[in-house]
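Working notes, beginning with the structure itself.
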Number of protein chains: 2
Amino acid sequence: MKTGPDIAVVAALLGDPARANMVTALIGGVALTAGELAREAGVTAQTASSHLAKLAAGGLVEVRRQGRHSYYSLSGDDVARVLEGLMGLAARTGHRRTRTGPAEPALREARVCYDHLAGDLGVALLDGLVARGAVTRSEDAIRLTAAGAAFLAGFGIDMPSLSRSRRPVCRACLDWSVRRSHLAGALGAALLSQLFHLGWARRVPDSRLVAFSASGRAQFLATFGPQAASSPADPSQETPSHVPAQRPRSRHPALPRHDV
Amino acid sequence: MKTGPDIAVVAALLGDPARANMVTALIGGVALTAGELAREAGVTAQTASSHLAKLAAGGLVEVRRQGRHSYYSLSGDDVARVLEGLMGLAARTGHRRTRTGPAEPALREARVCYDHLAGDLGVALLDGLVARGAVTRSEDAIRLTAAGAAFLAGFGIDMPSLSRSRRPVCRACLDWSVRRSHLAGALGAALLSQLFHLGWARRVPDSRLVAFSASGRAQFLATFGPQAASSPADPSQETPSHVPAQRPRSRHPALPRHDV
DNA sequence: TTCATGGTTCGACCATAGTCGAAGCATCGC
DNA sequence: GCGATGCTTCGACTATGGTCGAACCATGAA
């Protein structure tokens, strides 16, 4: 009767808000330093260290010491999958991390899902690629078409390097705010970084916000948005407030993080 | 900044041993009374009531009052899927509720996962459907083929009612004991109930065990198991397994606590 | 009615564990 | 070498929440 794996210990590890914030920040597989995770969780370095030790002892994260930095990452994508499942449950039962704040509408429109675009515009991006025949979508599997590869190469994506990478080119990621899939994987990451490179959007520091400029949004919608619709942007949405502060991006030279 | 679904609250709900025991007992799919759950969790009726109130407030379980009994059940199969995922993590990291009991090997072979078949035979079922071209599997998305619909209709599944239902027909559910996917969703549920209807297997009361009769297992394997002719190798992510019972040990040599 | 049973609420106790200050180590840059 | 930075350990404080005894409520049976 009492056999089987013990859910309670691993669930208890995820049940603390600080630890939950940390592992949530780690979804996507990029390693973060202990200090970054402490800031992400809103606790001091000592507390974060304690939490990270517990997560590591519980086998949920792995640590790699490099110089005076400790890089933490999830121990596998099975962890990420469980986290997504928990997010789904939390969304269904209506549990939000904070109550709706001023940044919330902007976050729902465009935010970074670790290294790819999420939110309304992220879902629109995938929809637009499907409508243009660049990718095919069946349930949660996404495949790039030959025409899509050409289209994206024309957009400035380095397609050969994508196919060389060990990472899957296209992945579906369930958007928690829209409750539909957006594009993840190597292509999703490359597209987002190209948006930054073109200056259509930029990251708001210390936030998951992706701020589109007015012309950037227009060009984005013209390129990826609904085709026939000649109606311009939704009038109820306004451009996210721009926070021009810039953070030093040379914080950890060993594993450059994906910001900019 | 800290917006998004709050996985901490739902994970904390599952992080208490008493509550974890309760929801684990509910994976069987049948509703249990508060008293039964109290005994299952090893706590008094008062504490069980408190825990169940929290689980209900968190949206993980639902309560149905009948006379002077309160019947609790999981609020959906998404809860069961998350629980299975957590079990997988716990198994991988070596957290077990108690030492391996006598019922454990049987549970690893065939058990009920909410309303569909799990364990070695559940994974074999999905593998067999893939090998026969009845479904296609890519990453975690499973799709029914036209040939598969005909095949399953011949097996006695009421396919029209499946497609009428609002529930997804095919879903992948990560099996915690085998560490590979088995078939969930409306089709998974229909297949299990057809197995019961045909008398190939029956449920063992007060347990998640699914007991196959000797002839039932033979017919099951003949219908869904590895085909006699060498089935073409499926180059998908998950390695096809013809003898699933002896897979997990050799697959994870670094985790020695899998003591049958 | 009266009693018995199952379930919930109230109140109090107490342990677990989350938190931070301060100190201790290691590494990096100069 | 030196100081600065990043991370961890130690110790103490505190509070959240899990637990049960007892009372309370509702249902069903005699």
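All values below come from the heavy atoms of this structure, side chains included, with hydrogens, waters and symmetry mates left out. Throughout, protein chains are lettered first and strands after them, A, B, ... in sequence-line order, and every chain is numbered starting at 1. Given the structure is predicted, the values throughout are model-derived calculations rather than measurements.
Note on A/Tyr72: a side-chain N or O is less than 4.0 Å away from OP1 or OP2 of D/dT8. Within the 4.0 Å cut-off from OP1 or OP2 of C/dG6, not a single side-chain nitrogen or oxygen of B/Arg65 is found. The side chain of B/Thr47 places an N or O atom within less than 4.0 Å of a non-bridging phosphate oxygen (OP1 or OP2) of D/dC20. Distances shorter than 4.0 Å separate some side-chain N or O of B/His51 from OP1 or OP2 on D/dT19. Within the 4.0 Å cut-off from OP1 or OP2 of C/dA17, not a single side-chain nitrogen or oxygen of A/Lys54 is found. Taking side-chain N and O atoms only, B/Ser70 has no distance below 4.0 Å to OP1 or OP2 of C/dG6. Between A/Thr33 and D/dC7 there is a side-chain polar atom (N or O) within less than 4.0 angstrom of OP1 or OP2.
Between B/Leu32 and B/Tyr72 the shortest side-chain heavy-atom distance does not fall below 4.5 Å. A 4.5 Å side-chain heavy-atom check between A/Leu74 and A/Leu83 finds at least one atom pair inside the cut-off. Side-chain atoms of A/Leu162 and A/Leu187, non-hydrogen and from C-beta on, do get closer than 4.5 Å to each other. Taking the side chain as every heavy atom from C-beta outward, B/Val23 and B/Val79 never approach each other to under 4.5 Å. Using a 4.5 Å heavy-atom cutoff, the side chains of B/Asn21 and B/Val43 are not in contact.
Rounded to whole Å, the distance from CG on A/Leu52 to P on C/dG18 is 13 Å. Rounded to whole angstrom, the span from the CZ atom of A/Arg64 across to the P atom of C/dT27 amounts to 17 Å. Going from atom CG of B/Leu14 over to atom P of D/dG18 covers 12 Å, rounded to whole Å. Protein atom NE2 of A/His69 is 17 Å distant from nucleotide atom P of D/dA4, rounded to whole Å. In this entry the distance linking OH of B/Tyr71 with P of D/dT27 reads 15 Å, nearest Å. The distance from atom CG of B/Asn21 to atom C1' of D/dT19 is 15 Å, rounded to the nearest whole Å.
Relative to the axis of its first five pairs, the axis of the last five pairs of the helix from C/dT1-D/dA30 to C/dC30-D/dG1 sits at 30°, rounded to 10 degrees.
One distance of note links CD1 of A/Ile27 with CD of A/Glu84; it measures 6.0 Å at 0.5 Å rounding.
Of the candidates C/dT19, C/dG7, D/dG18, the closest approach to any side-chain atom of B/Asp16 belongs to D/dG18. Closest contact between the side chain of A/Val43 and the listed nucleotides D/dG6, C/dC20, C/dG18 involves C/dC20.
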Give the table of side-chain donor-acceptor pairs shorter than 3.5 Å for residues 13-20 of chain A, with sequence neighbours excluded, one pair per line with atom names and distance.
{"from": "A/Asp16", "atom 1": "OD2", "to": "A/Ala18", "atom 2": "N", "distance (Å)": "3.0"}
{"from": "A/Asp16", "atom 1": "OD2", "to": "A/Arg19", "atom 2": "N", "distance (Å)": "3.2"}
{"from": "A/Arg19", "atom 1": "NE", "to": "A/Leu13", "atom 2": "O", "distance (Å)": "2.6"}
{"from": "A/Arg19", "atom 1": "NH1", "to": "A/His51", "atom 2": "ND1", "distance (Å)": "3.0"}
{"from": "A/Arg19", "atom 1": "NH2", "to": "A/Ala12", "atom 2": "O", "distance (Å)": "3.3"}

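Checked by atom type and distance alone, the side chain of B/Arg64 never pairs as donor or acceptor with a backbone atom of B/Ser73 at under 3.5 Å.
Residue contacts shown for A/Ala34 are limited to sugar-phosphate atoms, with no base heavy atom under 4.0 Å away.
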Please step through side-chain contact (heavy atoms from CB on, under 4.5 Å) for the pair B/Val63 and B/Leu52, ending with a clear verdict. CA-CA 9 Å; B/Val63 59; B/Leu52 288 169; over 6 Å; no

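Ring geometry, B/His116 versus B/His182: the interplanar angle falls from 30° to 60°, so the pair is classed tilted.
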Under-3.5 Å N/O pairs linking protein and nucleotides 21-26 of chain D:
{"from": "D/dG21", "atom 1": "N7", "to": "B/Gln46", "atom 2": "NE2", "distance (Å)": "2.6"}

